[in-house]
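This report refers to the structure that appears directly beneath it.
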Amino acid sequence: MPVLTVPSSLLTALAAWSLLASSLGHPQPRPCRMIQRMALCNDGRLGSVPAGLPYDTDELQLNHNHIQTLLNNSVLHYSSLFTLSLAGNHLEKIEANAFGDSHPLQSLNLAENKLHIGYHDTSLALRQLPRLRVLDLSKNELEDDIVFHLLQNLTSLQYLNLSRNLMLRLDESSFEGLPHLRELDLQGNMLFEMDGAFSSNPKLQRLNLAFNYLPCLVDFHMTQLVVLNASHNFIEWFGARQELNETFHLETLDLTDNKLLFFPFLPSQSRLRNLYLSHNSVRFYGGPVDEATAENWTKSVHFYNLNGNASNVTVQLWEDVLLGDVSSVEILDLRGNQVEYFPQGFISQMPSLSRLQMHTNCLKTLNLTSEGFSESLYELDISNNRLSEVNAEKGTLAALGNLTYLNMSHNGLGWLPPGLFSSVHSLRSVDLSYNSMGICTSEKSGVDKDSSSDCVVWKNMASLRKLYLRGCGITGVPPSAFTGMHLTHLELSDNPGLRVDTGSLRALSGTLQHLGLGKTDMQAMDFSPFYSLRYLNISRNSLTHLPTSLVNLDLRMLDARDNNLSTISPDQATSLAPKLRTVFLAGNPFNCCQMEWYRTFETTKTVHMVDHTEILCQDEAKTTYRAGVLSILCADTSRESVFWYLLLIVSGFLLFVGIPTICLLTFRPKLLQKTVKRKCVKDTSY
Ligand SMILES: *[C@@H]1O[C@H](CO)[C@@H](O)[C@H](O)[C@H]1NC(C)=O
Ligand SMILES: *[C@@H]1O[C@H](CO)[C@@H](O)[C@H](O)[C@H]1NC(C)=O
Ligand SMILES: *[C@@H]1O[C@H](CO)[C@@H](O)[C@H](O)[C@H]1NC(C)=O
Ligand SMILES: *[C@@H]1O[C@H](CO)[C@@H](O)[C@H](O)[C@H]1NC(C)=O
Ligand SMILES: *[C@@H]1O[C@H](CO)[C@@H](O)[C@H](O)[C@H]1NC(C)=O
Ligand SMILES: *[C@@H]1O[C@H](CO)[C@@H](O)[C@H](O)[C@H]1NC(C)=O
Ligand SMILES: *[C@@H]1O[C@H](CO)[C@@H](O)[C@H](O)[C@H]1NC(C)=O
Ligand SMILES: *[C@@H]1O[C@H](CO)[C@@H](O)[C@H](O)[C@H]1NC(C)=O
Ligand SMILES: *[C@@H]1O[C@H](CO)[C@@H](O)[C@H](O)[C@H]1NC(C)=O
Ligand SMILES: *[C@@H]1O[C@H](CO)[C@@H](O)[C@H](O)[C@H]1NC(C)=O
Ligand SMILES: *[C@@H]1O[C@H](CO)[C@@H](O)[C@H](O)[C@H]1NC(C)=O
Ligand SMILES: *[C@@H]1O[C@H](CO)[C@@H](O)[C@H](O)[C@H]1NC(C)=O
């Protein structure tokens, strides 16, 4: 065995360790805690690796200590150590011999340090770790050439984290000595160029390039890659190598938040399942174009790759050629793009499509029949588009057997095919808010000759649980509108003039938990049948009293803002307060002399009065006060005694201050005069 030269600081640490580890029960926290063969020494003030740990320790965690240098030999004698973690230590260097000659360490976490300072020694030390598989170098201010040095001879590496460093460009040599690399995290650098960087990493499966400055990804041909994350870059053009006669293993492609103008040119054969393209400028350029003006328009776009001749691409815009295989796609996220229509056959090329997220695009019409949505469609979000029309034939709808979430809110819809919702048997949640759709009184009403309807029949939709009809211009809820339904959520807010009464919602009395009636001109209503109700929004309704029936409910949230409430009766307050968790009451003209309810809510610790600082009240003289400040002074019972207290205080004040003053003025006139004189002399002396 080699004789160890132990530096003095280590001896100190050893001494400290023995002392602390002794059975004397020292009051200070021990620097390390052992769990089987794992030593946890995190969040301490250690300046070096503790030396007194069991020799067979296999994992050592030293995160967030003050180890600036990992000294020669300091890890050497833990010859069973497989995992060492030194994150967040201000570590500047690892001395060349810290691990000895050939240490069996497999996993090393050096995140959040300052290894850019002593990288030369550090790179020599890393070379002594022939079995290292996992290395985390994130957040170390490392530049390209430093990384190159540090990675020399790490031939066994499988996982490498270089996120949040200062790398600018990659080339063939960057990762050339890492043939076993499987996962590489490069997010949060400043990469703007990558040239053949991963050609010597044939096993790379997960690559994260998020938050860099890449302008494009062309000639993509890493067929073995499973997850590619290139979100949050400046990518205008994504293109896979087309002529490759090989199936790409790519399953997840994340291009969120880039500058894509076109749908990406995907591999011609792939297993792509998740395609995230939100927040780009993707659109399709075919579409119905006026023949005359189309004549002189550009018909194709050429993409020139100025780096060599491999990948110039010409796209015939009007033909909507889709370059690539989307047949396995399950999730397509296109939120926040500029899609006006789907090219013919686009949707039907995705027989496994389960979630289509189109929130905030420019869709104008949607024909569910001609698009050919698949039976696996589970979520369809086409909210916030410009839809004026949605068409579908009965047979199509019945085939959408898995459609569960449908969001069509914020469009200009005024007509829908009758039976659109009732034919889809698994719908659980429908959001039609902010369109102009009423609720039909009978199944025949509202259907015009083109068999579209300006109202919807909801009756008997047994699967539906959540229905959102905010701002739909609904003026009435027919008496049997919801029979045969089991809604738990019903949102009818923002329908001014809505006439809704207990009768028309009675069918939901057993199931309804969430009811939104804000801004509906709602009048007194009996809520007692709705015994499951937990959330009630009756804000902005000019109510002068809280409905008395609320006391019977087990409400958790009540929004009664912006009404005409002058008080809440003490009985109501005491029965509501213990059940409520959240209450909104600002914007009501409360009477300062009837504020007992306020104290009831205030003293009930479980209820959160969200806007309590904005709750105001007026006294008889129409002066406005903040409720929290004045509730006691004005309350009925204490009013008299407060008056007497005031009288007592005032008379006391007169007695103790007034009388001596009077005495002073009356009996000591000379003293007062003298003072005045003296002052005069002083001020005018010259
Ligand atoms: C650590 O070891 C290396 C290689 O054996 C040697 O060059 C270096 O001087 C040593 N450092 C210290 C501080 O002893
Ligand atoms: C590191 O690799 C280079 C070639 O890539 C080789 O010449 C050198 O001997 C290796 N060093 C160690 C310590 O393995
Ligand atoms: C890489 O490190 C960063 C920061 O330390 C962390 O957020 C990220 O999850 C790590 N990447 C992987 C793939 O573990
Ligand atoms: C891609 O990386 C970003 C940033 O780390 C992350 O928010 C996102 O979830 C990742 N995408 C996928 C599909 O994992
Ligand atoms: C692609 O490969 C398949 C089988 O491996 C072969 O039948 C086909 O002809 C190839 N296509 C091209 C364009 O090379
Ligand atoms: C197309 O271009 C030609 C020649 O530049 C011109 O004479 C013609 O008027 C153009 N047609 C239209 C529809 O603008
Ligand atoms: C790609 O375009 C560039 C720029 O026009 C040109 O120099 C190069 O020859 C083209 N390569 C191919 C393969 O067409
Ligand atoms: C570029 O084109 C030339 C001539 O067509 C060809 O010989 C060469 O292999 C090409 N280079 C690449 C990188 O494809
Ligand atoms: C919707 O598409 C189907 C099938 O292509 C077609 O028969 C129907 O007329 C279309 N509906 C409308 C209103 O365009
Ligand atoms: C319905 O969608 C869910 C969620 O995406 C999925 O797990 C399930 O397999 C789908 N069922 C069918 C029959 O497609
Ligand atoms: C529907 O989409 C809108 C955004 O367009 C969103 O605010 C709303 O919460 C969604 N509805 C449901 C039920 O998720
Ligand atoms: C209650 O409804 C009003 C009117 O639509 C809305 O402004 C408010 O945000 C809703 N309250 C809650 C707590 O969501």
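Every number for a ligand or one of its atoms is a count from 1 in the order of the listing.
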Phe262/Phe284 aromatic ring centres below 6.0 Å: no
Residue portion contacting ligand 11 (non-hydrogen atoms closer than 4.0 Å) for Tyr405: neither
Check ion pair Glu251-Arg273 (N to O, under 4.0 angstrom): yes
Are the side chain of Asn189 and the backbone of Met167 linked by a donor-acceptor contact shorter than 3.5 Å? yes
Measure the shortest side-chain to side-chain distance between Leu498 and Val477 over non-hydrogen atoms and say whether it is less than 4.5 angstrom. yes
List every atom of ligand 4 that sits less than 4.0 Å from any heavy atom of Asp254, numbering the atoms from 1 in the order shown and giving each element. 1 (C), 8 (C), 10 (C), 11 (N), 12 (C), 13 (C)
For Glu183 and ligand 3, answer yes if some heavy atom of the residue is under 4.0 Å from a ligand atom, otherwise no. yes
Determine if the distance from atom 5 (O) of ligand 4 to the closest protein heavy atom is below 4.0 Å. yes
Below 4.0 Å, non-hydrogen atoms only: which portion of His359 touches ligand 11? Side chain, backbone, both or neither. side chain
Pair Arg283 + Glu340: basic N to acidic O under 4.0 Å: yes
Short check: is a protein heavy atom less than 4.0 Å from atom 2 (O) of ligand 3? yes
Counting heavy atoms under 4.0 Å, the part of Gln187 that contacts ligand 4 is side chain
Suppose we measure from atom 10 (C) of ligand 4 to each protein heavy atom; which comes out shortest, and what is that distance? Asn229 ND2, 2.4 Å
Side chains of Leu168 and Phe192 in contact at under 4.5 Å (non-hydrogen atoms): yes
Using a plain distance cutoff, I'd like to know if Ser138 has any nitrogen or oxygen under 3.5 Å from a nitrogen or oxygen of ligand 3. yes
How far is atom 9 (O) of ligand 3 from the closest protein heavy atom, and which atom is that? Asp185 OD2, 4.6 Å
For ligand 4, which atoms have a heavy atom of Ser231 less than 4.0 angstrom away? 1 (C), 2 (O), 3 (C)
Out of Leu186, Leu162, Asn161, whose heavy atom is nearest to atom 8 (C) of ligand 3? Asn161
